[in-house]
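Heads up: the structure comes next, in structure tokens.
Computed over heavy atoms, backbone and side chain alike; hydrogens, waters and symmetry mates excluded. Start at 1 with the first residue, then count along the sequence.
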Amino acid sequence: MWPFGTSLGDLERAVMDVLWDADGRLSVRDVHARLGEDRDLAYTTVMTVLDRLSKKKVVTRTRDGRAWQYAPAASREEMTAATMRGSLEALDADDRKAAMLHFLGEASPSEIADLRAALAEVTERDAG
């Protein structure tokens, strides 16, 4: 199970978006510079958030000289799927079914089409 028992805060999500959009690993300075385009944040705040994300195992970090380089531990899609799976697994079977029916009841025709296509792909993959 992916380690996403808790949801990400606004700043954690913004940091993750920067990392997901990057081509490779980024230093604290890199993340701070990219976030600085839209937010007024202290360098130490970004450093603390990246350290916290590393401890949560949401990002990986490797030493590069004196600096740490950070990268997402999983893709945006993998993290989202794990979060959804974790939420559903916390429910008993009846509540899980009711939650999925409620979710699908509010889905747009486009979302329903996407879900049908995804289900067909999984079914085909499992049959193959």
Indicate, with yes or no, if [Y] and [X] share a hydrophobic cluster defined by side-chain heavy-atom contacts under 4.5 Å among Ile, Leu, Val, Met, Phe, Trp and Tyr.
X	Y	answer
Trp20	Val59	yes
Leu104	Leu88	no
Leu26	Tyr43	yes

Counting C-beta onward and ignoring hydrogens, is there a side-chain heavy-atom pair between Tyr70 and Thr62 closer than 4.5 Å?
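Contact flag for Tyr70/Thr62 side chains = no.
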
Within-4.5 Å side-chain heavy-atom neighbours: Gln69 and Arg61
no

For Leu41 and Val49, run side-chain contact (heavy atoms from CB on, under 4.5 Å): C-alpha distance rounded to whole Å, both residues' side-chain angles, the deciding distance at 0.1 Å, then the answer.
CA-CA 11 Å; Leu41 294 170; Val49 170; over 6 Å; no

The side-chain contact (heavy atoms from CB on, under 4.5 Å) partner of Val46 among Val18, Asp30, Val31, Leu11 is Val31

List in chain and number order the residues that pass side-chain contact (heavy atoms from CB on, under 4.5 Å) with Met84, two or more places apart in sequence or in another chain; answer none if no residue qualifies.
Thr80

How far does CE of Met16 sit from CG of Leu50, to the nearest 0.5 angstrom?
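Rounded to the nearest 0.5 Å, the CE-CG separation comes out at 9.0 Å.
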
Spacing of Leu53 atom CG and Arg13 atom CZ [to the nearest 0.5 Å]
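Going from the CG atom of Leu53 to the CZ atom of Arg13 covers 11.5 Å.
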
Looking only at heavy atoms, what is the nearest atom pair of Thr60 and Arg25, with distance?
OG1-NH2, 3.2 Å

At their closest point, which heavy atom of Ala99 faces which heavy atom of Leu91, and how far apart are they?
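Ala99 and Leu91 have their closest heavy atoms at CB-CD1, 4.0 Å.
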
Can a donor-acceptor pair be found, under 3.5 Å and without considering hydrogens, that links the side chain of [X] to the backbone of [Y]?
X	Y	answer
Thr48	Thr44	yes
Glu89	Gly86	no
Asp92	Asp95	yes

Show the numbers, then the answer: is there a salt bridge (Lys or Arg N to Asp or Glu O under 4.0 Å) between Lys56 and Asp51?
CA-CA 9 Å; Lys56 289 180 178 182; Asp51 183 61; over 6 Å; no

Could you go through residues 112-128 and list every donor-acceptor pair under 3.5 Å that involves a side-chain atom there, pairing it with any protein atom two or more places apart or in another chain?
residue : atom : partner : partner atom : Å
Thr123  : OG1  : Leu119  : O            : 2.8

Are there more than 12 heavy atoms of other residues, nucleotides or ligands under 6.0 Å from atom CZ of Arg29?
no

Which pairs pass salt bridge (Lys or Arg N to Asp or Glu O under 4.0 Å) with one or both residues in residues 66-77, sequence neighbours excluded?
Asp17-Arg76, Asp21-Arg76

Residues Leu8, Met79; criterion side-chain contact (heavy atoms from CB on, under 4.5 Å); working and verdict:
CA-CA 11 Å; Leu8 297 178; Met79 181 180 162; 2.9 Å; yes

